[in-house]
Amino acid sequence: MIVMTVDPINPDALRRQLFDAGAGAYCGFEGWIRNENEGQAVLRLEYEAYDPLALSEGETILAEAKQKFPFLHAHCVHRTGVLDIGDCAVWVGVSAPHRDEAFQACRYIIDQLKVRLPIWKKEHYVDGHSGWVNCERCAKSA
Amino acid sequence: MIVMTVDPINPDALRRQLFDAGAGAYCGFEGWIRNENEGQAVLRLEYEAYDPLALSEGETILAEAKQKFPFLHAHCVHRTGVLDIGDCAVWVGVSAPHRDEAFQACRYIIDQLKVRLPIWKKEHYVDGHSGWVNCERCAKSA
Amino acid sequence: MKTITVRYFAMFRENAGLDEETLTIEAATAADVFSATRERHQSAEPTGHCKVAINDIMADWDSPVSNGDTVLLFPPVAGG
Amino acid sequence: MKTITVRYFAMFRENAGLDEETLTIEAATAADVFSATRERHQSAEPTGHCKVAINDIMADWDSPVSNGDTVLLFPPVAGG
């Protein structure tokens, strides 16, 4: 299941949803807002998403991961809106019988989410300017 | 830092210790007690460890991981004593600037812990018998 | 001529100064719609890392558009 | 003859029926100490996946032992 939310992410409550008596391994990933990107001091980030397609593409990614690395349960939550340094922007959790599937599925899911979901982030820098990440050319044309 | 404990592991409190304004990624692994191993229904597990060497070998593994996959913080906690199905036996958490180091360091640490730390587990099966994991020959000689 | 509703996201929305507009244009494919909006809003972004959806379904730049379609224009994504 | 304290763990402890004992034996290496304990407790475990420490430091089977050393005998490990 994938969820898009403007509320703070609660990793502990989320991982509990993956409990299973047949699970010997759990792997969790969190993306945190970092105070620096490509040499620039970051103040805060603003995430925008197109939820209907983020959700459907997210479900597709989870289904692909389950086929490649059979796991028991996987969830993903992505936050949008204004986030401060240290905030959790994305959480992925996977429970599986063994650790190899848990690690590999978790990695696959976050790698794919980052490049396929219609989500955009605008970095606000300490020096006052801002920029859309991965979008240098559109920034130039602004 | 590595900790050996007989108390329940609290992953949420532990991950908070890894917060860092320079961290963009967090990877956590948990080993849970599974209800089955190699075709046998498991009732509970009993972990025994030799703490002084588990701690020193654990610190060596963390230092190796930091050199291979530069991360910001990594912690590990391993529980001993009697554990029931669903209990968390081991937790590893790593925070890093980017996700690649976080995933790789976390995986390296758990892989090495499992084969190098002086920790032993005895499985108690639903059918009443029990056995030390990885120790078929000593079981035969018993 | 076709009536196409175009929705802009992130940088495209900021550049166009609006979320959505309805255009009456000559357009056979999603790429044609994108070209028309680039001229209209003086944008130089190539299709390269951008993505497009038609009526809430991910599409290719050469996917055909029909009268009444809604075309979603996505600048390069950056989730996580 | 050397006086060596031997500590047993997990299956070795159960097999020997004790945590620790002090032996006075002819032993040049850790492997010699292990052999002596196998005879004493009718154990057939080879050194293969077992490990040994001398005075709380991980050692090899051919590491020399000295009078007064404590040798720790570890059956195959299984953490996590």
Side-chain angles (χ1 to χ4, degrees), chain A residues 2 4 9 29-34 37-38 45-61 76-80 83 87-92 106-107 109-123 130-142, chain C residues 4-23 29-63 65-66 68-80:
Chain A
I2 173 163
M4 302 295 297
I9 291 174
F29 175 82
E30 299 176 27
W32 294 346
I33 307 299
R34 203 157 57 100
N37 193 27
E38 292 177 8
L45 254 72
E46 217 181 312
Y47 282 85
E48 175 179 337
Y50 181 57
D51 287 359
L53 278 181
L55 294 173
S56 61
E57 190 72 359
E59 294 296 347
T60 302
I61 292 168
C76 170
V77 179
H78 203 299
R79 197 174 162 192
T80 53
L83 276 76
D87 281 348
C88 179
V90 61
W91 171 89
V92 177
C106 189
R107 181 75 196 253
I109 293 166
I110 186 64
D111 284 356
Q112 295 294 314
L113 289 180
K114 280 182 172 261
V115 296
R116 286 166 56 181
L117 260 52
I119 298 177
W120 304 273
K121 57 184 171 193
K122 190 181 197 170
E123 289 178 336
S130 64
W132 290 96
V133 177
N134 288 352
C135 203
E136 290 162 58
R137 281 159 308 195
C138 29
K140 273 182 215 138
S141 73
Chain C
I4 305 285
T5 299
V6 183
R7 292 189 62 181
Y8 301 103
F9 294 86
M11 188 62 207
F12 289 166
R13 178 176 39 70
E14 288 189 351
N15 189 51
L18 39 78
D19 284 354
E20 181 178 317
E21 63 186 336
T22 300
L23 306 177
T29 66
D32 296 336
V33 176
F34 190 47
S35 294
T37 66
R38 282 193 295 177
E39 276 170 39
R40 193 172 168 84
H41 300 290
Q42 291 96 49
S43 162
E45 188 72 7
T47 52
H49 295 283
C50 300
K51 290 179 184 166
V52 64
I54 302 174
N55 303 328
D56 272 1
I57 293 167
M58 293 306 299
D60 296 314
W61 290 111
D62 56 7
S63 298
V65 291
S66 306
D69 278 353
T70 296
V71 173
L72 313 179
L73 296 178
F74 299 149
V77 303

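Labels below follow one simple rule: chain letters A, B, ... track the order of the sequence lines, proteins then strands, and each chain is numbered from 1.
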Using distance only, find each side-chain donor-acceptor pair of residues 69-80 of chain C under 3.5 Å and give its atom names and separation, not counting sequence neighbours.
| unit_1 | atom_1 | unit_2 | atom_2 | d |
| --- | --- | --- | --- | --- |
| C:D69 | OD1 | C:N55 | ND2 | 3.0 |
| C:D69 | OD2 | C:S66 | N | 2.7 |

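For A:E57, the part lying near chain C is the side chain, with the backbone staying farther off; criterion is any non-hydrogen pair under 4.5 Å. Residue A:P118 touches chain C through both its backbone and its side chain, counting heavy-atom pairs closer than 4.5 Å. Only the backbone of A:L117 comes within contact range of chain C, with at least one heavy atom under 4.5 Å from a heavy atom of that chain.
Taking C:E14, C:K51, C:M58 one by one and counting their heavy-atom pairs under 4.5 Å with chain A, the maximum is reached by C:E14.
Partners of A:Q112 according to the side chain to side chain donor-acceptor pair (under 3.5 Å) rule, which considers only residues two or more places apart in sequence or in another chain, are A:R116.
With rounding to the nearest 0.5 Å, the separation of CZ in C:F12 from CH2 in A:W120 is 9.5 Å.
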